[in-house]
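Report on the structure given below.
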Amino acid sequence: MTQASDQPQSRLAAKYIATFVVVLALVAAATFFVPRITDHFLHEHGGAILTDVAKSWSLTILNPLYWIFLLVIALLELRWAARAGEGMLSVGAAQDFVWLLLAPIFNLTIIFFYLQVLNQIYEGPLHSASLDVEAVVGVALTAVLAFLLADFFMWLSHFIRHKVPQFWRFHQVHHSQTKMSVLTDNRVHFIESMISASISYIPARLLGLSDEASTFLAFATVFFTGFTHANLRTNLGPIRWLTVTPQSHRVHHSVEPQHWDHNFGAVLSIWDRMFRTQFKGANDYPAIGIEDPTFPLEQSPAPTSVLRTYFLQIVHPFKMVFKDFQKS
Ligand SMILES: [Zn+2]
Ligand SMILES: [Zn+2]
């Protein structure tokens, strides 16, 4: 297969422009149709859950702030790139754009129904139990506690996704990226989202956080984890003692064995320090990727190619789990 880097610059530029036009057309269509579909579902199912699921798009491609954020990061990447050839203008970023755009396919179907099952468990056997912390300590402190709890559960679920071999097969899709960019955080397999939800959904409901506070936390997390995936040469100086950084998360994605199984944090780095999984070096900017030579890695930013590759990447972990199952 032809590597994108081997192609003439003009052909590559044409492919980028074609991808961008397709993206704009999809966004325009989505802006028109998604609110209508959402309204219909809300009317039919009365679903606060759907509102939760729809957040992923309303916070990103339907949000002008997200586009400004992408532009700012792209400019910063031009000036302070961690590694040449990565970032927003890479084939990997074009592929991750598709992951961002097509996420609603699974969010509005499989994950939507799965969250309903979790909600049934919460409302059924758990009788909608809530600590109602807000009534005791107020909204602001509850938001802080909920953020700490959610971030800890993200750390824990990430740790588990690395340690359980079948879970790793799905999490491996996120790690398959070889060109780090602010969009890489969108490359998450829907099975992985279901694993994360299983671990963190019920504890979050038990804390009883208001919708406004949870929306704000989701908003802050999307932007922050986007930032830590950017191709930026920074360890944020002393801030790194408190939070994950583009440098520390790059180490998490590293191809070098000495970096593996470190830096599992999503926003805060305190859990990795607490559980001794923080990598000590704060100045390593390694290459990233996975060992699996059979993984269908993106080769071209052309719309047909990234769409085809997206579906191959969705299917790949199922094939691997099936192979593992046959071997055992
Ligand atoms: Zn990971
Ligand atoms: Zn990552």
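Hydrogens, waters and symmetry mates are skipped; everything else that's a heavy atom, side chains included, is used. Both ligands and their constituent atoms are indexed starting at 1 by order of listing.
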* Regarding His175 and His252, is there a side-chain donor-to-acceptor distance under 3.5 Å anywhere? -> yes
* Nearest non-hydrogen partners of Thr234 and Thr245, listed with the distance -> O-OG1, 4.0 Å
* Structure fact -> In His162, the N/O/S atom nearest the Zn ion (ligand 1) carries the name NE2
* To do: Flag His158 as yes if one of its N/O/S atoms falls below 2.8 Å of the Zn ion (ligand 1), otherwise no.
  => yes
* State whether His229 contributes an N/O/S atom found under 2.8 Å from the Zn ion (ligand 2). => yes
* State whether the side chain of Thr184 and the backbone N or O of Met180 hold a donor-acceptor pair below 3.5 Å, judged by distance alone. => no
* Just say parallel, tilted or perpendicular for the rings of Trp155 and Phe152, cut-offs at 30° and 60°. => parallel
* Asked: Is there side-chain contact between Asn186 and Phe97, with at least one heavy-atom pair below 4.5 Å?
  -> no
* Which N, O or S atom of His253 lies nearest to the Zn ion (ligand 2), by name -> NE2
* Can you give me the NE2-the Zn ion (ligand 1)-NE2 angle for His175 and His171, to 10°? -> 90°
